[in-house]
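One structure is given here, and the rest of the page talks about it.
Labels below follow one simple rule: chain letters A, B, ... track the order of the sequence lines, proteins then strands, and each chain is numbered from 1.
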There are 2 protein chains.
Amino acid sequence: MMTEMDILSEDLNNAGLRSTLPRLRILKILEESRVRHLSVEDLYDELRQENQAVSLATIYRVLSQFVDAGLVVRHQFEGNKAMYELNDDEHHDHMVCLKCGTVIEFMDQKIEVLQKQVADDHEFEMQDHSLTLFGICKFCQ
Amino acid sequence: MMTEMDILSEDLNNAGLRSTLPRLRILKILEESRVRHLSVEDLYDELRQENQAVSLATIYRVLSQFVDAGLVVRHQFEGNKAMYELNDDEHHDHMVCLKCGTVIEFMDQKIEVLQKQVADDHEFEMQDHSLTLFGICKFCQ
DNA sequence: GTCCGTGCAAAGGATTTGCATAATC
DNA sequence: GATTATGCAAATCCTTTGCACGGAC
């Protein structure tokens, strides 16, 4: 029988990456985290709390590999630090609460279509896009 | 009669800022630049080419004051460095060419309305938003 | 003359990189 | 055993800050 770790391990192999403990643990956190969007520091803290730290250099390297492999998406919202989330191939956009930092996801097909249209109007070959709303979430109001 | 510099000088005063040479020169470049979105380094190079350099520290400070005063808008597209553009109070979004780095502006009222609607649906008090399309511009295709 | 602005150099945070060691296949 | 990953520390990039001097009002 396949343990949870075996499955994660296969995910890594399918992505063309060797299955190592730091990679497995990082992927596991990204999959199971209650909060979907994590910073490098979030991951670092989480890993350290599991009583076995992973160096920052490794976290950066692993995340970068995950992004290249398409396992993870990197976001650069406002501020300096990047945020990472699992890539589940379902595109969505974000609302970021300026008070508590919470990130809410949403998806609006009409907006998606209009974006494509605007790009076409400018003969712009769109490869990707990012839409982020900044404001105050309902719990912080 | 008012020279161009006098007008810029008044703009600064209206924004509550003393009129100094570095500020005037930076504002002038932002107003007259062929390219609308400039990085700190772009400004630094431009200022240096005018045979009188302005220190990076000052450029950062001045831009930050301009942003606070509402004269300028700061964008954090992908990559690390921020881009600055004059605030003409007309909101617009951006397309960024991944090859040549050109930034194209656009504005779509329908998208704007839909964004507001999505925010309302989530009881999210939207204060600002940013929409950026990434791809290849028509000249680079 | 007082107050604010600037330059310089040092500090800061996020991220990357070189190299020796350790793990995976 | 060969190849790839990791940790550590140093380096890099962008940006901010402390302090002494110079300019604006």
Side-chain angles (χ1 to χ4, degrees), chain A residues 5-6 8-29 37-45 47-48 50-69 71-84 101, chain B residues 5-6 8-29 37-45 47-48 50-69 71-84 101:
Chain A
M5 277 308 187
D6 288 338
L8 291 176
S9 185
E10 273 202 356
D11 289 346
L12 287 177
N13 289 330
N14 292 339
L17 294 169
R18 276 193 188 177
S19 157
T20 68
L21 193 51
R23 285 184 186 149
L24 285 169
R25 292 175 63 209
I26 291 172
L27 188 55
K28 184 162 185 290
I29 292 172
H37 301 78
L38 297 170
S39 68
V40 168
E41 210 186 336
D42 293 336
L43 284 164
Y44 181 71
D45 291 343
L47 289 162
R48 207 173 28 176
E50 296 176 358
N51 73 44
Q52 185 173 7
V54 173
S55 76
L56 282 172
T58 296
I59 299 177
Y60 277 109
R61 274 185 290 229
V62 167
L63 285 174
S64 160
Q65 292 153 353
F66 283 3
V67 170
D68 290 345
L71 289 175
V72 158
V73 180
R74 176 194 157 124
H75 298 288
Q76 185 85 45
F77 299 131
E78 297 296 291
N80 313 314
K81 46 188 162 218
M83 301 292 275
Y84 297 84
Chain B
M5 277 309 188
D6 289 338
L8 290 176
S9 184
E10 274 202 355
D11 289 345
L12 286 177
N13 288 331
N14 291 340
L17 294 170
R18 278 194 187 175
S19 158
T20 67
L21 193 50
R23 285 182 186 151
L24 284 169
R25 293 175 63 211
I26 290 172
L27 188 55
K28 185 163 185 287
I29 292 173
H37 300 79
L38 297 170
S39 67
V40 169
E41 209 187 338
D42 293 337
L43 284 163
Y44 181 73
D45 291 343
L47 289 162
R48 206 172 31 175
E50 296 175 359
N51 73 44
Q52 188 174 6
V54 173
S55 76
L56 283 172
T58 296
I59 300 178
Y60 277 109
R61 273 186 290 232
V62 167
L63 285 174
S64 160
Q65 291 153 352
F66 284 4
V67 171
D68 289 346
L71 290 175
V72 157
V73 180
R74 176 194 158 124
H75 298 287
Q76 185 86 44
F77 298 131
E78 296 297 290
N80 313 312
K81 49 187 161 218
M83 301 293 275
Y84 296 85

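- Panel note: side chain B:R23, backbone B:R18; a donor-acceptor pair is recorded below 3.5 Å.
- Atom CG of B:D68 and atom P of D:dT16 are 11 Å apart (whole Å).
- Contact check, A:T58 against D:dT6: no side-chain N or O comes under 4.0 Å of OP1 or OP2.
- Between B:K81 and B:A57, the residue anchored closer to the 5' end of DNA chain D is B:K81, taking for each the nucleotide with the nearest heavy atom.
- The separation between A:L24 atom CG and D:dT4 atom P is 19 Å, rounded to whole Å.
- Of all nucleotides listed (D:dT15, C:dT15, D:dG7), D:dT15 comes nearest to the side chain of B:R74.
- The distance between atom CZ of A:R61 and atom C1' of C:dA23, rounded to the nearest whole Å, is 14 Å.
- The phosphate of D:dT16 has neither OP1 nor OP2 within less than 4.0 Å of any side-chain N or O from B:Y60.
- One can place CZ of B:R25 at 11 Å from P of C:dT6, the figure rounded to the nearest angstrom.
- Scanning all heavy atoms of the two residues, the minimum distance from A:Q65 to A:L17 falls at CB-CD2, 4.2 Å.
- Atoms CG (A:D42) and P (C:dT15) sit 11 Å apart, rounded to a whole Å.
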Which nucleotides of nucleotides 20-25 of chain D have their base under 4.0 Å from a protein heavy atom (B), which only their sugar-phosphate (S), and which neither (-), written as one string 5' to 3'? ---BBS

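- Between A:L38 atom CG and A:I59 atom CD1 the span is 11.0 Å, to the nearest 0.5 Å.
- Rounding to the nearest 0.5 Å gives a distance of 14.0 Å between CD of B:E10 and CE of B:M5.
- Distance B:N80 CG to C:dA14 C1': 9 Å, rounded to the nearest Å.
- Between the CG atom of B:L56 and the C1' atom of C:dA10 there is a distance of 14 Å, given to the nearest Å.
- Judged by distance alone, with hydrogens and angles left aside, the side-chain atoms of A:R25 form a donor-acceptor pair with the main-chain N or O of A:Q52 at under 3.5 Å.
- Rounded to whole Å, the distance from CD1 on A:I59 to P on C:dA14 is 13 Å.
- Of all non-hydrogen atoms in A:D42 and A:H37, the two that sit nearest each other are OD2-O, 4.3 Å.
- Looking at A:V62 and A:T20, their side chains never come closer than 4.5 Å, going by heavy atoms from C-beta outward.
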